[in-house]
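Structure first, then comments.
Only a predicted model underlies this, so the values are computations on that prediction, with no experimental measurement involved.
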Amino acid sequence: MLTTLTDSAEEAAVLLNSGRIVAFPTETVYGLGAGIAHPEAIRQVFLAKGRPGDNPLIVHIYSVEQLPDVASEINPEAKKLIEHFFPGPLTLVLKKNPLVPDTVTAGLQTVGVRCPANPVARELLRLAHCPVAAPSANLSGLPSATSWEAVYQDLEGKIDCVLRGQPSSIGLESTIVDCSGSKAVLLRAGAITLEQLQAVVPEISTNTNQNKLEPPKSPGLKYPHYAPKAEIVLCCPEEKRAVTPSSAYIGLSDPPEGVLIVKLCKNLEEYGRELFSFFRHCDSKNIGVIYCELPSPCGLGRAIRDRLMRAAGQQ
Ligand code: TXA
Ligand code: MG
């Protein structure tokens with residue numbers, strides 16, 4: 001299949017509205033979209049990514065007015081989170097409207113809903129005739145794509161169109177909060193931090209105490225994620241390791257001696273923004289080991305830590 005590259009949201013929307021699959025920029029990572037009214041397009045999204053069918057997709061909306069089309073119940077906690085953080089890098093898991101196809105939610109009775117803030121994403125969603133289901137626009141298991149070039153590298157020939165935009169300003173996938181039960185639960189850390197969520201919904205809990213015998217609440221979290229080909233070695237700021245040849249380093253403090261490629265980040269925001277593109281860059285240079293400084297789990301550090309632990313196979 002020919003993959004069209006375009007800067008025009010109008011052109012991308014015409015394709016989306018005719019049942020094609022279109023990658024588009026968001027402030028978190030690029031998404032691979034299909035209109036939820038197009039079952040064959042939804043199937044193509046799973047196929048193009050090599051994504052297991054039991055891993056549900058997030059539904060993207062332009063405006064909160066579309067929420068009733070997607071969700072059947074919005075409890076008071078969800079209402080508060082929507083008021084504070086929509087549009088933005090937050091996904092809410094809500095009881096689903098029966099009209100949302102089971103293929104989108106992988107048979108779950110809940111649906112993940114997000115309203116992105118990125119202006120190009122908003123323009124595309126405004127022109128779309130229905131809400132847009134979209135996972136991250138990368139091959140399953142690889143780091144999410146934070147630039148159109150990374151999308152093209154993974155999915156050229158497998159998708160209909162890439163709507164080109166700027167590199168993602170956050171670079172990490174959205175925070176996911178489950179508001180479908182009696183108590184809000186943080187399922188995936190992201191740029192909306194636990195501290196920010198607690199300021200709005202003080203009773204929110206984290207997913208870490210989940211009974212291991214229960215099926216995972218967020219099916220995707222059981223799959224390996226974000227992993228480059230290189231081995232990921234987590235290190236603390238004070239640790240000085242014996243460095244393997246052909247290694248790289250990303251972190252906030254000085255690197256160990258002898259690494260070939262260094263990405264020294266000024267702050268957590270830069271660390272989050274650069275992480276996945278650094279992984280991809282290291283793979284293109286055949287780096288064997290990437291040393292990654294593990295930040296403390298405060299603020300954005302929680303999300304970066306989560307992605308690093310998953311990339312290292314420790315979660
Ligand atoms: O920032 C993001 O969230 C990006 C952009 C494109 O919006 N999307 C993204 O999608 O990261 P994806 O498919 O790579 O990750 C979505 C995660 C998966 O772990 C999936 O299992 C979970 O959200 N999820 C989706 N629907 C869910 C539901 N109803 N209940 C629990 N988890 C759900
Ligand atoms: Mg993903």
Please give the remaining members of the hydrophobic cluster of [X], linking ILVMFWY side chains under 4.5 Å, ordered by chain and number.
| X | value |
| --- | --- |
| Val22 | Leu15, Leu16, Phe24, Tyr62, Val120, Leu124, Leu125, Val132, Leu163 |
| Val289 | Val233, Val243, Tyr249, Val259, Val262, Leu264, Tyr291 |
| Met1 | none |

Keeping the roles fixed (side chain from [X], backbone from [Y]), state whether a donor-acceptor pair exists under 3.5 Å.
| X | Y | value |
| --- | --- | --- |
| Glu27 | Ile170 | no |
| Asn97 | Pro68 | yes |
| Arg164 | Glu149 | no |
| Lys49 | Ser136 | yes |
| Ser168 | Thr26 | yes |
| Ser8 | Glu11 | yes |
| Asp283 | Lys229 | yes |
| Arg307 | Glu173 | yes |
| Asp178 | Val185 | no |

*Would you kindly confirm whether Leu127 and Ile61 end up in one hydrophobic cluster when ILVMFWY residues are joined by side chain heavy atoms under 4.5 Å apart?*
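Not linked; separate clusters.
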
*Identify whether Val151 and Leu142 are in the same connected component of the hydrophobic contact network (ILVMFWY, side-chain heavy atoms under 4.5 Å).*
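Result: yes, single cluster for both.
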
Rounded at 0.5 Å granularity, tell me how far [atom1] in [X] sits from [atom2] in [Y].
| X | Y | atom1 | atom2 | result |
| --- | --- | --- | --- | --- |
| Ile74 | Ser180 | CD1 | OG | 12.5 Å |
| Trp148 | Leu155 | CH2 | CG | 13.5 Å |
| Leu94 | Ile82 | CG | CD1 | 6.0 Å |
| Leu2 | Thr4 | CG | OG1 | 5.0 Å |
| Glu293 | Ile304 | CD | CD1 | 10.0 Å |
| Leu308 | Cys235 | CG | SG | 9.5 Å |

Below 4.5 Å, heavy atoms only, C-beta onward: do [X] and [Y] meet side chain to side chain?
| X | Y | answer |
| --- | --- | --- |
| Arg273 | Thr146 | no |
| Arg20 | Cys161 | no |
| Phe85 | Val200 | yes |
| Asp69 | Ile36 | no |
| Lys158 | Leu139 | yes |
| Leu268 | Leu252 | yes |
| Asn138 | Pro143 | no |

*Verdict with reasoning, Leu172 to Leu300, per side chain to side chain contact (heavy atoms under 4.5 Å, CB included)*: CA-CA 10 Å; Leu172 301 171; Leu300 191 59; 4.2 Å; yes

_Pairing donors with acceptors under 3.5 angstrom, does anything connect the side chains of Thr28 and Arg114?_
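Yes, side-chain donor-acceptor contact under 3.5 Å.
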
*Any side-chain donor-acceptor pair under 3.5 Å between Gln44 and Glu40?*
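On atom types as modelled, these side chains qualify, holding a pair under 3.5 Å.
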
Kindly check if the number of other-residue, nucleotide or ligand heavy atoms within 6.0 Å of [atom1] ([X]) is above 12?
| X | atom1 | value |
| --- | --- | --- |
| Arg305 | CZ | yes |
| Gln314 | CD | yes |
| Glu10 | CD | yes |

*Evaluate side chain to side chain contact (heavy atoms under 4.5 Å, CB included) for Val59 paired with Leu57, printing each intermediate quantity in order.*
CA-CA 6 Å; Val59 175; Leu57 309 182; 6.0 Å; no

Over all atoms of both residues, closest heavy-atom pair of [X] and [Y]:
| X | Y | result |
| --- | --- | --- |
| Pro25 | Gly165 | CG-CA, 3.9 Å |
| Val113 | Phe86 | O-CZ, 3.6 Å |
| Ala37 | Cys130 | N-SG, 3.6 Å |
| Val29 | Ala145 | CB-O, 3.6 Å |
| Ala34 | Val45 | CB-CG2, 3.7 Å |
| Ile287 | Ser246 | CG2-O, 3.6 Å |

*Of all pairs that satisfy ring-ring contact (aromatic ring centres under 6.0 Å, His included), the ones with a partner from residues 262-284, not counting sequence neighbours*: Tyr226-Phe276

_Ion pair Glu195/Arg302, N-O distance below 4.0 Å_ =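 Between Arg302 and Glu195 there is no salt bridge, as every charged N stays at least 4.0 Å from the carboxylate O atoms.
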
_I need the full list of side-chain hydrogen bond (donor to acceptor under 3.5 Å, both in side chains) pairs touching residues 71-94, with sequence neighbours left out, sorted by first then second residue._
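Non-adjacent pairs meeting side-chain hydrogen bond (donor to acceptor under 3.5 Å, both in side chains): Thr91-Ser174.
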
*Who are the salt bridge (charged side-chain N to carboxylate O under 4.0 Å, His left out) partners of Lys96, not counting sequence neighbours?*
Asp102

